[in-house]
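Quick note: residue numbers are just sequence positions, from 1. Counting starts at 1 for both ligands and their atoms, following the listed order.
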Amino acid sequence: MRKTSKTDLPSPCWLLDESLLIKNLEVLKTIKVQSGAKILLALKGYALWKSFDTIKPYLDGCCASGLHETKLAEETFQKEVHTYAPAFKEEEIEEIASISHHLVFNSPAQFKHFAHKAKKTNPALSLGLRVNPEYSASPKEIYNPCGLHSRLGTTLNNFDESILDDCEGLHFHALCEQDSNALEAVLKNFETKFTAYIPKMKWINFGGGHHITRKGYDVEKLIGLIRNFKKKYNVDVYLEPGEAVGWETGTLIATVLDIVHNGMDIAILDTSAEAHMPDTIIMPYRADVRGAGAAGEKRFTYRLAGNTCLAGDIMGDYSFDEKLNIGDKVIFEDQMHYTMVKATTFNGIKLPSIAIQRVDGSIDVVREFGYEDFKNRLS
Ligand SMILES: *Cc1c(COP(=O)(O)O)cnc(C)c1O
């Protein structure tokens, strides 16, 4: 870790603003206090663990998707560890069970296959099953866990009552960047379908995808839904947001390396859409750029593009009040979630450094990457 100033940041660099993170955590804490729910951090979406000292006092633990995230939760967060995977492996189940507090299986077959071994390893472990409520208003099919032929969660048809003696909880995850209205609709379907089993449970996990910290999210409604549910069934309720924790808490700062012209002006940056902000291509979405507008909106329009040899490594077309110059910084907004957890060293491009701006304004560079990180992954 080294101290730096805003003007001396390495490039490219992810810069977390700790005070914005705390702002989100305060919202989550209010929900915890007023609803009685427990809230876990989904490591899938946000795993910048050098910020976990800030997060720990606010949340109840982490949800992990397999051995590596489970270990990371234990080593860096220490509170509750809830593990779900679409399928567990024989050689990993004991280590996962020994670390986890909740273990959630995806199918009755996996439940029956691993329940005994897991409980023998860790008698305090609470076992659950992920179910598929077969309803989701997810805005994109790639993020719809209830879509046609989805492998995620057990449908009512496939439910196997023989697991009920050992099953203490049900888990569903059917939201993606959605409001509490969407949760209400999912909850209605979940309750209708699994009504016979819910009262037998100790806990129900409402999954992630709650866009809680987005401006305009109906927090009061969420609190009401949880309170009613808890009262109705006398169960613990868990939420496990990832995106909502890291939402609008930091940026990816890059540098213009060259400007080329081919029917338009194209700025080549020292970062990559493909390698460092892959959801701009996969989801896809358009990242906001500080001070920039849509193409043609301001005086100077540029295509912002990455420094890999992939033709489609493009962030999009943006316009600026002033001409871009080589050496200028370009700041992509809201780049803390689903970025560093997904980043690759494709084409040998250097991974962005990771820095944290503390509440007092000082900046710590907490991680820098080099050639060895690229080489070591490849053999
Ligand atoms: C992805 C995921 C989450 C977190 O989702 P966000 O959209 O980041 O809130 C939580 N639980 C499960 C099972 C997931 O797959």
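A salt bridge links E368 to R2: at least one charged side-chain nitrogen sits closer than 4.0 Å to a carboxylate oxygen. With respect to D364 and K3, a salt bridge is recorded, a charged nitrogen being found less than 4.0 Å from a carboxylate O. For the pair E69 and K44, the salt-bridge criterion is not met [side-chain N within less than 4.0 Å of a carboxylate O].
For F105, the ring-ring contact (aromatic ring centres under 6.0 Å, His included) criterion is met by F88, F111, not counting sequence neighbours.
At a 4.0 Å heavy-atom cut-off, the residues surrounding ligand 1 are A42, K44, R130, H171, H173, G208, G209, E240, P241, G242, E243, Y338, listed by chain and number.
Side chains of E240 and Y84: no donor on one and acceptor on the other come within 3.5 Å.
Geometric assessment of R286 against the ring of Y318 yields a positive cation-pi assignment under the 6.0 Å and 45° thresholds.
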